[in-house]
Every structure is written in structure tokens, then in C-alpha cells.
Amino acid sequence: MSPSASPHRGVDAAHLPPAFPARARRGTADRLRAWQQSALEAYLERSPRDFLAVATPGAGKTTFALRVAGELLDRRVVERVTVVAPTEHLKTQWATAAARAGIALDPSFTNRAGAAGRDFDGVALTYAGVAASPLLHRRRTENFRTLVILDEIHHAADALSWGEAVQEAFEPATRRLSLTGTPFRSDVNPIPFVTYAPGPDGVPRSASDHTYGYADALADGVVRPVIFLAYSGRMRWRTRAGDEVAAVLGAEQAADVTAQAWRTALDPECEWIPSVLRAADRRLTEVRRHVPDAGGLVIASDHAAAKAYAATLRRITGKAPALVLSDDPAAGKRITRFAEGDERWMVAVRMVSEGVDVPRLAVGVYATSTATPLFFAQAVGRFVRARRRGETASVFLPSVPRLLGFAGELEAERDHVLGRRSDGDWDEDLLLRDAALARTTPDVDLEDQLGFEALESEATFDRVLFDAVEYVGDVVDDAGVVPTSPEDDDFLGIPGLLEPDQVASLLRERQGRVTRAATRARRPAPGEPPAHETVAALRRELNDCVRAYARQCAASPGAVHAELRRACGGPATAQASAVQLRERIDAVRVWATSGR
């Protein structure tokens, strides 16, 4: 056998098994989805050295890339294939998929070995491995005509050194195929081998060669629609200074209050997380009535939280969930066992955030403080891989404005943006801020350094988001909160197999009941003053109490109002509801009598 020959071309790549052979549109190859066939035709027609394919998670980027690899190997355009992936587990996943396509990849290749065995058509690497020895991989790339597949290419911009290493190692490649499902980065680190062109605002943006977004995949039935179930609740915590602060998760309030309320909600010692996990488990039970092997995933912020959440799930279900931690050498095998089995739950920190293929995941709990659009899209991408018509995914999350915004924008397609304009000029502060936000490490706020103690939390159902439309749980008016569904059964009991229009119809029907109930509840009882009079009287009472307390402690009324809003949460006094005004009145009276 000559050194340039591919050792394992006995099985042609055309035999790559499709996920949905019946889904391909008429006139396309019977083994590829419509978008894959279209992208393949564009690639073969142009024969570009660089090609960027953007496809939503679950659409089948791996299948497309391996079909391209098979064509190039069969046509002797390339002799070897190098796949670069974000994690060790994904290396093995790529090698397994490639084997089914008749392409032998070595996922156990190490920099110390220096060369792949003669039994392989190529190797699977990680970005970290390339960064550790870019010159080694450059020599390997120069020795053979090589196709380099850069999976989730945005990782090459995670650190400047990674991008430089990828550039150095694979600049000599004959062909480079870049893949991404979540091109969300917005910073000053250009992604290697990606073309940028000025947008309408003059800001350079990435230009993909083929794009297949979530909305397209949803319309084609390639991915599942996602139901987001957001939970709010009252939180209470103590700062290092000894101050006890209470706020409603998701209320209009200062950013640091929202962050601390969110942190309190995620504390495993309080009640918010157990309540949400119970609701998610009930949802999973309903889904499994129609999809018996459906599984759930809890995404945690760190190892300690993951272990605590796993213990809570064991108490709820009576069975220990699969626990996947990044420092566990057997983490990859644990994920594979879960993917191939029928266990109910898996708890993980980051191992399942991107690229890992577990199609039976149907229910998720976003129990992490990470708040970047990139990580959120990657996490949600774990639940959208459709297997049969009518499947839906359900993701439970804290009612935090930033996360709800991400959920509502799920169908939007974002390009990698180099910098941002502000009033026609480059704003360096914005560039630095966005670079920090783009990291996929958990958010760390000042309280992590100053001390923080979560005291108590409760979970209350807030709203459902589906197809960018909100369906509220409890209706809030100026007189307070009108509960409409104590157990949220209308949402948790949605059948596990429904077409998207059927889900939307059920949600609209439920919303109609909520609206009618709220209308009846707003009608004042005989002799009861109108809501606007009640609220006006409460505002006057609050202002009187604030002025009295301000004189007592030699502070300005404005400062007292600001401290009350920080402690109790909610909007400014002019927008506060009757319930929020009463809470502030009670709080300032406690301060006055306690000598605070």
C-alpha cells in the first residue's frame, strides 16, 4: 500500500446511515437531508479551500462533514482527514460516526506519539491538543494532502493562543471545513479561516457558505420545538455585612439584586431547586407515557451543586441519576451508557453542553448561572434532536430577563461580529465587556469575594415561552397576584407527542382561561374601592413612612426609597403593585422599630 493511499476505503461514504431518510425533499439524495444535500452540492460545485457551514444543533453537521470527507477521499483530492473537536468525548464520538461512514479516525492519537498508525485515514484531536503543539500538527498536515474538519470552530476564538495555534497548524491544509451550530461570539478575536465582510453598520461580520438555522430545521421537522417553562419566586439572602435582602426572582430590579436572587434560587439547600426538579420530573413522566425512553438533563454550575442536585433527584425519583463530572476519567463512558440506556435523569456541569449526541434527552433544567447566548444555545441544543414526529422538548429555567430573552430569540441567526459600533465610533469598553461575556465560564459576581449566604427560596410558576410567544402562569395586576393554576398541571401535563400547532393551540386555550379568570378577579367586590384608589392610598402611606424614617436616621427620602427597592425588589414606586407597596411599608416599619 502506498503511503498516500487511504487504508479503509472499502466502505463508501455514500452508505452513511441517515437519521431521517424519509425527510429528504424530492429530487435530493435519499441518504441526506435536504440542507445536507444542498450544502454538499454547493461544496462540490465550488471546490473551495475553506468552507463554513452553520447548522443548528441536531441538524446533522457530522453527517454532512463525513459525506464531504468521503467524497474528497474517493476522488483523491485529499489523503488524510483531521478532525478537531472541543472535548475528548467528542473525539470518540466523531471516530465512531466516521467508522460507520467507512473512514477510520484515531481518537487516541497523542502529541507524544507524533504520527497516526497505518490503519487510520486520519486522527481526531482537541483544540487544546493542537494548541499544545501546533508545529507538530503543521508537519503532519504538510506530509499529506489533508482535509481538516474544525468542529464548533468558534472555540478557536476562546483564547488568542488557540486561534494562533489553529492558524499555524492548519494553514498548509489542502481543504478546511469549518462547522458551527452557535456562532454567537461578539469580540475582537477573529476566528481562523473564516471570511469577514462589513455589515450594513460597517462592522465586520462572519460570512457563512451555507446556513441552516433553527427556524428552517423546525419547519422541516428535523428538530423538536422547545417549550420553555420559567419559574420565579421570592428569595431571601444575607450579605457579608449582615444585611438580609429579599427579592422576587425576575422582577424589575438592579442587576446585582437579580444576580443574587438567581444565586439563591440555585442553592441546593433552599426550596427553589427541589420544587423545580419535582416539576421537571413530573413533566418527564408525562413525556415517557408516549416516549418510553425519554431522558432528562440537569445542567449545574459546578461539581458541588451537581452532586447536591443528583442527591435531590434520588430522593424525588427513588433512583440515583447518572452524574457526569469533568474530572471523572469515566465521564465519556458514563454519557454513552446514558445515551444508549433508558435511565430517567443525568446531571452534568459542562460535559454535555455542546456537541454530545443524546437524542433521547427531552426534558432539561437550566440550573446554572452561566448567562451567555453561546452557552445557552449550546445547552438548549442538547434537547432539540428529533427522532420522530410530534416530539417536543421542555426546558425549565429561572425567570431571569436575560435567559428569557435568549429563549425568545432562539430562532434568530447570529453571526460572529468583530467589535461593535457606538455612535459611529469603535467603543473599546463595549469590546472588552463583550469579550468577557463571551466566555463560557460561570458568571462570578462581587458577592463571591465578599461573602454570601442563601437563606430561603420558593418556586412559583411564572410563564411558558413557545414559538417566541409568552403564556403567563399567574396574572399580576395593581391589586396583587391572582393565582390561576396552583400545580401548573395544564403545562406539565402537555402530552409528549404533539405537533407544534397542537402545542400552540393548547397553550392558547389555557391562556384564554387565565385571561377570563383574571378579568373576573379584577372586578371589585361590592363596596370595595377601585384598584387605582387602593394603589394611590398605599403610595401616600409609603411616602409618609419613608419621610418619617428618613428624619429618624438623618437620610434623604430618596435614599430610603432606593434601599427599600433594593431590599424588597420590584420597580420604582410609580410602577409598583399594591402587594409590592405593602411589602415596602412593612419593611420600613420594621426598620424604624428595630433601630436599623
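These numbers were taken from a predicted model, which means no experiment stands behind them. The first residue of the sequence shown is numbered 1, and numbering continues consecutively from there.
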Begin with the C-alpha distance, continue with both residues' side-chain angles, and end with the deciding distance and a verdict on salt bridge (charged side-chain N to carboxylate O under 4.0 Å, His left out) for Glu142 and Arg139.
CA-CA 5 Å; Glu142 290 173 334; Arg139 288 195 298 271; over 6 Å; no
Which heavy-atom pair separates Ala310 from Pro321 by the least distance, and what is that distance?
O-CD, 3.4 Å
Are the side chain of Asn111 and the backbone N or O of Gly129 linked by a donor-acceptor pair below 3.5 Å?
yes
Check whether any side-chain N or O of Asp209 sits under 3.5 Å from a backbone N or O of Leu52 as a donor-acceptor pair, and report yes or no.
yes
Output for pair (Ser108 OG, Glu88 CD), nearest 0.5 Å, gives 10.0 Å
To the nearest 0.5 Å, what is the distance between CD on Glu391 and CZ on Arg360?
12.0 Å
Looking at Phe109, is Arg140 sitting on its ring face, NZ or CZ under 6.0 Å from the six-membered ring centre and within 45 degrees of the normal?
yes
Hey, what do you get for CG (Asn143) to CD (Glu79), rounding to the nearest 0.5 Å?
10.0 Å
Could you check whether atom CZ of Arg112 has more than 12 heavy atoms from other residues, nucleotides or ligands sitting under 6.0 Å from it?
no
Between Ala169 and Pro172, which heavy-atom pair has the shortest distance, and what is it?
O-CD, 3.6 Å
Okay, side chain of Tyr214, backbone of Pro57: is any donor-acceptor separation there less than 3.5 Å?
no
Would you mind reporting whether Thr195 and Ser206 have side-chain heavy atoms less than 4.5 Å apart?
no
Do Thr126 and Thr87 touch side chain to side chain, with heavy atoms closer than 4.5 Å?
no
For Thr336 and Gln93, run side chain to side chain contact (heavy atoms under 4.5 Å, CB included): C-alpha distance rounded to whole Å, both residues' side-chain angles, the deciding distance at 0.1 Å, then the answer.
CA-CA 9 Å; Thr336 300; Gln93 191 167 290; over 6 Å; no
Do Arg175 and Tyr43 come close enough that some side-chain heavy atom pair is under 4.5 Å?
yes
Spacing of CD1 belonging to Ile299 relative to OG1 belonging to Thr370, to within rounding of 0.5 Å:
9.5 Å
Would you confirm whether Arg176, through its side chain, and Val148, through its main-chain N or O, come within 3.5 Å as a donor-acceptor pair?
no
Run the side chain to side chain contact (heavy atoms under 4.5 Å, CB included) test on Leu361 and Phe338 for me, step by step, so that the C-alpha distance in whole Å, both residues' side-chain angles and the decisive distance to 0.1 Å come before the verdict.
CA-CA 10 Å; Leu361 286 177; Phe338 182 85; 3.7 Å; yes
Grab the two heavy atoms, one from Trp35 and one from Ala55, that are nearest each other, plus how far apart they are.
CH2-CB, 3.7 Å
With no hydrogens and no angle check, do the side chains of Trp94 and Asp151 hold a donor and an acceptor under 3.5 Å apart?
yes
State, yes or no, whether a side-chain contact exists between Ile153 and Leu179 at a heavy-atom distance under 4.5 Å.
no
Taking Arg344 for the side chain and Ala294 for the main chain, is one N or O donor matched with an acceptor at less than 3.5 Å?
no
Can a donor-acceptor pair be found, under 3.5 Å and without considering hydrogens, that links the side chain of Asp220 to the backbone of Val222?
no
With side chains defined as the heavy atoms from C-beta onward, is the minimum distance between Thr63 and Gln36 less than 4.5 Å?
yes
What's the shortest heavy-atom distance between Ala362 and Val287, and which atoms?
CB-CG1, 4.2 Å
Can you check side chain to side chain contact (heavy atoms under 4.5 Å, CB included) on Val298 and Tyr366, steps first, answer last?
CA-CA 6 Å; Val298 180; Tyr366 193 88; over 6 Å; no
Only one of Leu150, Ile149, Leu125, Leu147 clears side chain to side chain contact (heavy atoms under 4.5 Å, CB included) with Thr82; which?
Leu125
Name the orientation class of the two ring planes belonging to Phe64 and Phe51 (parallel below 30°, tilted from 30 to 60°, perpendicular beyond 60°).
tilted
Could you report the tightest heavy-atom contact between Gln167 and Pro192, atom names first, then the distance?
OE1-CB, 3.6 Å
In short, Thr62 meets Ala97 closest at the heavy-atom pair CG2-CB, 4.0 Å
I'd like to know if the side chain of Ser38 and the backbone of Ala34 have a donor-acceptor N/O pair within less than 3.5 Å.
no
Check: Val365 and Trp345 side chains under 4.5 Å, non-hydrogen atoms:
yes
Is the Lys NZ or Arg CZ of Arg402 less than 6.0 Å from the centre of Phe376's six-membered ring, within 45° of the axis?
no
Minimum side-chain heavy-atom gap Arg385-Arg224 below 4.5 Å:
no
Look only at the side chain of Asp293 and the backbone of Asp342, and say whether a donor-acceptor pair between them is shorter than 3.5 Å.
no
Verdict with reasoning, Arg387 to Val291, per side chain to side chain contact (heavy atoms under 4.5 Å, CB included):
CA-CA 10 Å; Arg387 298 183 298 174; Val291 187; 3.3 Å; yes
Side chain to side chain, Leu44 and Arg75, heavy atoms closer than 4.5 Å:
yes
Gap between atom CG of Leu323 and atom NE2 of His303 - 0.5 Å precision:
8.5 Å
Any donor-acceptor pair under 3.5 Å from Ser301 side chain to Ser369 backbone:
yes
Between atom CG of Leu266 and atom OG1 of Thr368, what is the distance when rounded to the nearest 0.5 Å?
7.5 Å
Check: Arg80 side chain, Thr141 main-chain N or O, donor-acceptor pair, under 3.5 Å
no
